[in-house]
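The first residue of the sequence shown is numbered 1, and numbering continues consecutively from there. The figures that follow rest on heavy atoms only: side chains count, while hydrogens, waters and symmetry mates do not.
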Amino acid sequence: MPHAEIKYSSDLNLDPAAVLADIEAVIQRHDAGSGACKGRAYPALVFHHSHVLVEVSLLPKTHRDAAFMQALSSDLEMAIKAHLSAPCYFSLNLAFSGAHYVTNTFAP
C-alpha cells in the first residue's frame, strides 16, 4: 500500500485532496495491484519561498525496477503540476519502504 505526503506553502491555491486522488490514480495506472494510496497533506503556514514537496513511498517489488520508477515519477510530476496555478519550487521524491516497514490494518 503506497503512501503519499504533500507538504506545501500555504500561499498556494492547492486542493490537496484532489492531488492525492490523482496520485493514487497514477500509481494504479502503473501498478493495478498496488492497492489504495494512503495520503496526507500539510500546508505550511510559515515558509520561505513558495514550494510543493511530494513524497511517495512504495513497497519494493521485483517489477518496480528503475524503468518503472522513472515512468511513474514522470507521470506523477505531470499530474501534480496540473494542479498548480502559481510559480513555485517543486520537489518529488519516490522511495521504497525499508525492510522492517510494517503495514496492515487495525480494528478494535
Looking at H30 and Q28, would you say the former's side chain and the latter's main chain have a donor-acceptor pair under 3.5 Å?
no
Members sharing F96's hydrophobic cluster, built from side-chain contacts under 4.5 Å between Ile, Leu, Val, Met, Phe, Trp and Tyr, are I6, Y8, L12, L14, V19, L20, I23, V26, I27, V52, V54, V56, L58, F68, M69, L72, L76, I80, L84, F90, L92, L94
Sequence neighbours excluded, the answer for salt bridge (charged side-chain N to carboxylate O under 4.0 Å, His left out) partners of R29 is none
Taken in chain and number order and not counting sequence neighbours, the residues that satisfy salt bridge (charged side-chain N to carboxylate O under 4.0 Å, His left out) with K81 are E77
Exercise for the section: Answer yes or no: are there more than 12 heavy-atom neighbours, outside H48 itself, under 6.0 Å from its atom NE2? Expected result: no
OG (S57) and NE2 (H3) are apart, to the nearest 0.5 Å, by 5.5 Å
Next on the checklist: Under a 3.5 Å distance rule, please check whether S9 uses its side chain to pair with a backbone N or O of A44 as donor and acceptor.
Outcome noted: no
With sequence neighbours left out, the residues meeting salt bridge (charged side-chain N to carboxylate O under 4.0 Å, His left out) with D31 are R64
Item checked: Under 3.5 Å side-chain donor-acceptor pair for D11 and S50 -> yes
With sequence neighbours left out, the residues meeting side chain to side chain contact (heavy atoms under 4.5 Å, CB included) with Y42 are E5, K7, R40
Here the gap from H83 atom NE2 to D22 atom CG, rounded to the nearest 0.5 Å, amounts to 3.5 Å
Note: with side-chain heavy atoms under 4.5 Å as the link, the other cluster members for Y101 come out as L59
- [ ] Answer yes or no: does atom CG of N13 have more than 12 heavy-atom neighbours from other residues, nucleotides or ligands under 6.0 Å?
- [x] no
Distance col, row E24:CD vs S34:OG, nearest 0.5 angstrom, shows 7.5 Å
Nearest heavy-atom approach of P60 to S97 is CD-O, 3.7 Å
